[in-house]
Amino acid sequence: MKIGVLGGGQLGRMLALAGISMGLEFRFLEERPEAVRGLGECCTDLEQFARGLDAVTYEFENIPLESVRWLEQRLPVWPSSRALEVSCDRLVEKDFLRSLGIPTAPYGPDIAYPALAKKRRLGYDGKGQRRIARPEELKQDELAEEIIAFDRELSLLAARSQAGEIRTYPLTETVHRDGILVRASAPAEGPMPDYARLILEKLDYVGVLALEMFEHQGRLLANELAPRVHNSGHWTIEGAHTSQFESHLRAGLGWPLGDTKARDQVVMYNLIGQLPGPERFEGAHYHAYGKAPRPGRKVGHVTLLGGGILPELEVACARSAP
Ligand code: AMP
C-alpha cells in the first residue's frame, strides 16, 4: 500500500519511519527532498504525486486547501479538508473552538492591551506574532489576542479512527522559548479535558490531532489546533505503547487504534539551531532530521525515559532574564 504525504519535513520523515515497519510505502510532495531521502519517492507535481496512491495525508497545515480538495475527489484523504479549513485560519479556528464551548484567550475587538497580534494564516513556531500596544497597530491579516500570564502550557493529542474509535494520549506539558517548543514532558499531572473528543466528533475527524493549551487560573484555554501529528507528541515514539505516527496511520487506514498510554515518565527536548552528536546524550533516544542547522530551526530531538532530565538541554528551557 502506498501512502502520499503532503510535505517532506521531519513529521513526514517520522511518519514514514513508522509506516515502513508496518509494511507501507511512501511518496512525498516536497520541493526539498533532503529530509525524506531514502524513505520513499519524492515529487513536486500534484497530479504526478496522486497517480497510483492508495491514500493521502499531510504533515503541515500551510498547504493550499484547493490541493487537498482536488485530491479528496480522487483518493481517500485524511484528515479531511474540513479540518484543514478550520485550522489554517486562526480566527476561524478560535470561533470554531468557542462554538464547541472550548474556552480560548480573549481575542477580537474587546480585549486588554498590550496584546499579541498574530497572523491569521501561515504563522508557525511563533513566527508572525508580535506585541502591539494599541488596536490601531493591528494589520488586516492579523488577529489580536490577550496576553495570558499562564501557569503552564499543555498539549492534548488524540486520534480518531474511521470507525469513530477515539484514543487520547496522556497530557503533555510543553515549554516554548521565542515561540518555539523546546521541551515536552508526559504524563503531565492534571485533569484531562474532553476538548479533543468534542473537536474530533464535530469534524468527523480521522487521524491524530493536537491541541495546544494554556493553563491559567485553573482553566485550560485552547490556543492552537494542529490537524496532524505534532512536535509535542514526539515523546510517544519511545515513550508510549503506540506512537502518534503509528496512530495516525492506523486511523487513516481503517485499522484499530493501539494503546496510547505512556510506558514511563518521558521528556523530549528539541535540538534547535545546532545538532550535537548522539554521543552527548547517553541513555537517551536520539533523532536527527537530516536538515542543515540554522538558527531557530528544529534539526532533531532527544527523548529520555525514566523520569530523569538532560541538564545540557535544560539550559535552553530556562527563562531568559527579563
Ligand atoms: P502560537 O504561535 O499561537 O502557537 O504561539 C506560540 C507560543 O507563543 C505559545 O506556545 C506561547 O508560549 C506563546 N503565546 C501564544 N499566544 C499567547 C498568549 N495569548 N499569551 C501568552 N503567550 C502566548
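Keep in mind that what you see is a predicted model, and the values were worked out from it rather than measured. Numbering of ligands and ligand atoms starts at 1, following listing order.
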Verify same cluster id: Leu15, Met22 (apolar side-chain graph, 4.5 Å):
yes

Distance filter under 4.0 Å to Lys118 heavy atoms, resulting ligand 1 atoms:
3 (O), 15 (C), 16 (N)

Looking at Ile148, Leu143, Leu221, the heavy atom closest to atom 21 (C) of ligand 1 belongs to Ile148

In ligand 1, the atoms that come under 4.0 Å of a heavy atom of Glu153 are 9 (C), 10 (O), 11 (C), 12 (O)

With distance as the sole criterion, is a donor-acceptor pair present between the side chains of Glu212 and His176 under 3.5 Å?
yes

With heavy-atom distances below 4.0 Å as the criterion, list the atoms of ligand 1 near Ile147.
20 (N)

Which bit of Lys119 is near ligand 1, meaning a heavy atom under 4.0 Å away: side chain, backbone, both or neither?
neither

Short list, please: which atoms of ligand 1 are under 4.0 Å from a heavy atom of Glu224?
1 (P), 3 (O), 4 (O)

Can Lys139 and Asp141 be counted as an ion pair, charged N to O under 4.0 angstrom?
no

Per-atom contacts of ligand 1 with Glu146, taking only distances under 4.0 Å to non-hydrogen atoms:
18 (C), 19 (N), 20 (N)

So with a 6.0 Å cut-off around CD of Gln274, is the heavy-atom count from everything else above 12?
no

Sidechain-backbone polar pair: Gln129 side chain, Leu116 backbone, donor-acceptor under 3.5 Å:
no

Determine, step by step, whether Arg183 and Glu314 satisfy the salt bridge (charged side-chain N to carboxylate O under 4.0 Å, His left out) criterion, reporting the C-alpha distance in whole Å, the side-chain angles of both residues, the deciding distance to 0.1 Å, and the verdict.
CA-CA 8 Å; Arg183 182 180 66 195; Glu314 280 294 320; 2.6 Å; yes

Enumerate the atoms of ligand 1 whose separation from the nearest heavy atom of Phe150 is less than 4.0 angstrom.
12 (O), 21 (C), 22 (N)

May I ask you to identify, for Thr174, whether its side chain, its backbone, both or neither come under 4.0 Å of ligand 1 on a heavy-atom basis?
neither

Under 4.0 Å from a heavy atom of Glu145: which atoms of ligand 1 are those, numbered in the order shown and with their elements?
16 (N), 17 (C), 18 (C), 19 (N)

Just checking, any donor-acceptor pair under 3.5 angstrom between side chains of Glu61 and Ser87?
no

Contact region, Leu181 to ligand 1, non-hydrogen atoms below 4.0 Å, reads neither

Does one hydrophobic cluster hold both Met1 and Phe245, with members joined at side-chain heavy-atom distances below 4.5 Å?
yes

